[in-house]
Amino acid sequence: MDLEELMRRLFELYPEGYTDGSRDPFFVLISTVMSHRTRDNVTYPAAKRLFERFSTPEEMVEADVEEIEALIKEVGFYRVKAGRIKEISGILLKEYNGRVPDEMDTLLKLPGVGRKTANCVLAHAFLKDALAVDTHVHRISNRLGLVETKVPEKTEIELKKIFPQKYWKHINLLLVKLGQNICRPISPRCEVCVLNDMCPKIIL
DNA sequence: AAAACGGGGGC
DNA sequence: GCCCCAGTTTT
């Protein structure tokens with residue numbers, strides 16, 4: 001598999017690069033937590049609406065949790081997430097001087113932040129060489145025959161072995177976009193996929 | 001390893 | 001109406 005060619009085609013397809021929105025670490029963190037098990041076209045408008053009203057940990061801890069719930073009501077698990085947003089904001093203020101940590105081990109201590117979310121923050125907010133594996137990255141990597149495991153953390157390790165490090169931070173968003181539009185979980189649109197000639201699972 | 005959390009969008 | 005979704009936490 002020519003991974004340089006694979007990345008070249010994805011960058012050509014999605015030239016805006018690795019992030020659509022703000023690189024403010026707090027926005028990246030909160031919007032990523034909001035995105036859990038929720039489609040991007042639902043999550044993103046809700047995150048923008050939330051941040052028009054409250055945009056800092058200080059404002060978030062002062063906010064009425066019911067108002068946060070109302071602002072993000074379309075996303076799944078909105079009650080749990082609203083609580084976590086307040087909880088995370090409080091911890092950031094109390095433990096980290098109001099800043100979002102830029103280390104994996106520290107990010108993982110925040111409630112609702114697992115390896116995927118932490119990697120997204122590291123890659124998209126701090127431009128570090130992190131590789132976030134979500135269901136899209138996992139599914140597409142398997143279809144392309146790049147990995148075989150069903151364990152996301154192993155997928156992360158295997159992808160880091162085969163992709164040049166300079167690409168790691170871009171892989172998540174590029175494959176998420178491909179996964180939403182083309183390489184969908186069900187009925188993938190292989191006939192319009194720029195990778196179809198290098199994919200063992202092509203369906204025409 | 002598997003279940004629970006959950007409202008909204010696509011079909 | 002039914003099925004699935006940018007995961008994480010708990011059992």
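Numbers restart at 1 for each chain; the letters A, B, ... are given by sequence-line order, proteins then strands. Since we're looking at a predicted model, the values are computed, not measured. Atom set for the values below is all heavy atoms of this structure, side chains included, hydrogens, waters and symmetry mates excluded.
Within the 4.0 angstrom heavy-atom criterion, no nucleotide atom of any strand lies near A/Pro152. Among the atoms of the strands shown, only primed sugar atoms or phosphate atoms (P, OP1, OP2) are found under 4.0 Å from some heavy atom of A/Val42.
The outermost nucleotides of DNA chain B lying under 4.0 Å from heavy atoms of chain A, listed 5' to 3', are B/dC5 to B/dG9.
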5'-to-3' dot-bracket of DNA chain B (Watson-Crick, G-U; under 3.5 angstrom; crossing pairs as [ ]; | other strand):
|||||.|||||
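Residues forming a side chain to side chain contact (heavy atoms under 4.5 Å, CB included) with A/Asn97 (at least two apart in sequence, or on another chain): none. Residues passing the side chain to side chain donor-acceptor pair (under 3.5 Å) test with A/Asp197 are A/Arg9, sequence neighbours excluded. A/Asp105 pairs by the salt bridge (charged side-chain N to carboxylate O under 4.0 Å, His left out) definition with nothing, not counting sequence neighbours. Residues forming a salt bridge (charged side-chain N to carboxylate O under 4.0 Å, His left out) with A/Glu158 (at least two apart in sequence, or on another chain): none. Residues satisfying the ring pair (Phe, Tyr, Trp, His ring centres under 6.0 Å) criterion with A/Phe51, sequence neighbours excluded, are A/Phe26, A/Phe27. For A/Thr38, the side chain to side chain contact (heavy atoms under 4.5 Å, CB included) partners two or more places apart in sequence, or in a different chain, are A/Val42, A/Thr43, A/Val75, A/Lys81.
A heavy-atom distance below 4.0 Å to DNA chain C is reached by none of the residues of residues 87-96 of chain A.
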Polar atoms only, N or O, under 3.5 Å: list the protein pairs with nucleotides 7-11 of chain C and their distances.
| residue | atom | partner | partner atom | Å |
| --- | --- | --- | --- | --- |
| C/dG7 | OP1 | A/Thr135 | N | 3.3 |
| C/dG7 | OP1 | A/Thr135 | OG1 | 3.3 |
| C/dT8 | OP1 | A/Gly114 | N | 2.9 |
| C/dT8 | OP1 | A/Gly114 | O | 3.3 |
| C/dT8 | OP1 | A/Thr117 | N | 3.0 |
| C/dT8 | OP1 | A/Thr117 | OG1 | 2.8 |
| C/dT9 | OP1 | A/Gly112 | N | 2.9 |

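Pairs of residues two or more places apart, or lying in two chains, never qualify as side-chain hydrogen bond (donor to acceptor under 3.5 Å, both in side chains) while including a residue from residues 184-195 of chain A. Sorted by first and then second residue, the ring-ring contact (aromatic ring centres under 6.0 Å, His included) pairs involving residues 66-90 of chain A (not counting sequence neighbours) form an empty list.
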